[in-house]
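The structure appears below as C-alpha cells.
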Amino acid sequence: MAWHRKVLRVDLTNGTCAAEPLNMEWADQYLGQRGLATKYFCEEVDPRVDPLSPENKLIYTTGPLTGTMASTGGRYSVVTKGPLTGAIACSNSGGYFGAELRFAGWDMIVLEGKSPRPVYLHIENDKAELLPAEDFIWGKSVWDTEELIKTRHQDPLMRVSCIGKAGENGVLFAAIVNDLHRAAGRSGVGTVMGSKNLKAVAVRGTKGVGGIADPKAFMAATKAGKKVLHDNPVTGQGLPKYGTQVLMNVINEMGASPTRNHQDVQFEGASRISGEAMHEKRATDGKTHLVTNQACFGCTIACGRISKIDETHYSVKTRTE
Amino acid sequence: MFKSLSINPEKCTGCLQCEMACSYEHEGVFNTAKSRIKVFDFHHEGRKVPYTCTQCAEAWCMQACPVDAIRLDGALGAKMVYDDVCVGCKVCTIACPFGTINYNSDTGKVMKCDLCGGDPQCASACPTGAITYVDSDWTGLEKMRKWAAATDTAPRA
C-alpha cells in the first residue's frame, strides 16, 4: 500500500524531532490508523501512567488510504490514554489535515514527554521543528491560532491541527481541532496535548502519496467504492442532502437521543434542529440555516454543512475578544 | 469542435478529487500541491470554487514565452507546455492575468492545464458534476437552460 514507511518521533521534553522507519510488520498486521497506533501505544506506554503526565504519549496517525483518491480517505486519528476515563482513547477527524500529513511524507507522529514551554510543531515535508508558541498563539482560540500560524509562515496552503483554550486549561473533554471546524472531539485528546504544552501541529506537504503497487487496479477499486457510496440510499442521498443530522429525528423517535446530559432520551425540540429543519426557510429573514455542503478531503459523500444562523434571532451576541 | 472545461461552483463540495486526479494524471502521485486545478474555499461565504486555465485564444503565456515552449495543440485548443523546451524562466507566470500557469520547483518547468489530451481527469473525477467538459462554443448552455426554465411562465397542461 501507499505507505511512506516513515514515523516522526517528537521528544517534547528535549525539543527534538527524529525520523524513524514505520514498523511494517505491525502495519501489515494492524492495517493503519487506529489499529496500528493502538499497537504502537500499547507497546510503548505503561498502562498505569497518569494520562496527563509526560509519560503518556500522543500519537497522530493516518492509514494506508489517507491522501489517496479513495473516497473518505482524508481522515486521521489521535491515540492516547484518555484523561476522562483512564482508558485508551482514539479520536478521529476529517478535514484536510490528515492528507496533508501524508503529502509531507509522514505516516504517523509520536509525541512524547512534555515541553518546558508552550510550543507548536511545524512540518514542511522532511523538515520538522518545534517553535515557541508563547506570546504568539498560546491562549488563542483555534480559529485565531490557525490564522496566526498561516500569516507568520506566509503560507495559506498550510493545514493546522490545534487545541484551543479548553485544551490548554485542562478541560477533560477538550478536542483537537483542524481546518477550523473538524474535530478529533472524543475522549479528551486535546487535554493530553495541552498537558504536553503543545499548542498546534502545522503541516505543509508537497511530496504527495505514491508508490501504489498496482495503480490501475487501485483506481478501478476506488472507483467501484465510490459507486457503492453513490448508490447507497444513506451515503448517496440521506447524508449528502441532510448531513449527519439526517439521524436526529430517527434517533429521537427510537428514544436514543441524549438529552440534558442523558437525563432524558427524547428531546421535544428535535424536529426543529434536525437535518430537515436546516432546509426550511426561517421566519425572520426567509433564508435557510444551511448555506452549502462541505466535503472533507477526497470524500464523495460531503455530509458536512456550512450553515449560518440568523444572528438577530438569538440572545447570544457575537462577542469580540 | 473544441471542448472546454466548464465549472459550476454551486455544485462543488470541496472534496479535492479533481486536484488528486490532476496530479495523478500528470505526476503519477496523489499530490494537491502539484495540481493544475485548484479549489478555493471562501469559508465565510460558504463557497468552494474550482479554478484552472481557460485556454485563452490569445494566450498571454504563449505570447510571453521567450523560447516558444508554449504552443497551441490544434486538435484540442489547449496551450501546451513543452518540457523539453521550457527553461523555467517563469515569465509566463507573470504574463498570465489569471495565475493559472505556475512553476513546479521539482521539475524546474512551468505547468498548466493541458486538458489531458481530451479526457480531463478532473471532470471524470468530480462526484457532483461541478466540473464538466463541454462544447467550447456552448459553455453557457446549462445556464441558458436554467434561465429558460425560470422565465417560462406560460401555463402548462
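As the structure is a computational prediction, the values presented were derived from the model and not from experiment. Chain identifiers are assigned alphabetically (A, B, ...) following the order of the sequence lines, protein sequences preceding nucleic acid strands; residue numbering begins at 1 within each chain.
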May I ask you to check whether B:F30 and A:F103 place their ring centers less than 6.0 Å from one another? no
Quick check, are the ring centers of A:H181 and B:H43 under 6.0 angstrom apart? yes
With a 4.5 angstrom heavy-atom cut-off, is it the side chain or the backbone of [X] that approaches chain B, or both, or neither?
X: A:P215; answer: both
X: A:L180; answer: side chain
X: A:F297; answer: both
X: A:V209; answer: both

B:I101: which of B:C113, B:C53, B:C65, B:C92 passes side-chain contact (heavy atoms from CB on, under 4.5 Å): B:C92
Pick one of side chain, backbone, both or neither for B:E10, based on which atoms fall under 4.5 Å of a heavy atom in chain A. neither
Portion of B:T128 that has a non-hydrogen atom of chain A nearer than 4.5 angstrom: neither
Closer than 3.5 angstrom, by distance alone: can the side chain of [X] be matched with the main-chain N or O of [Y] as a donor-acceptor pair?
X: A:R75; Y: A:T72; answer: no
X: B:Q121; Y: B:C22; answer: no
X: A:D107; Y: A:R5; answer: yes

Chain B interface, residue from [options] that has the most non-hydrogen pairs under 4.5 Å:
options: A:K308, A:Q294, A:R102; result: A:Q294
options: A:N293, A:L157, A:I306, A:L229; result: A:N293
options: A:R204, A:K223, A:H230, A:M219; result: A:M219

Find the one option among B:C15, B:C126, B:A33, B:A21 whose heavy-atom pairs under 4.5 Å with chain A are most numerous. B:C15
Hey, could you give me the CG/OG1 distance between B:L5 and B:T52, rounded to the nearest 0.5 Å? 7.0 Å
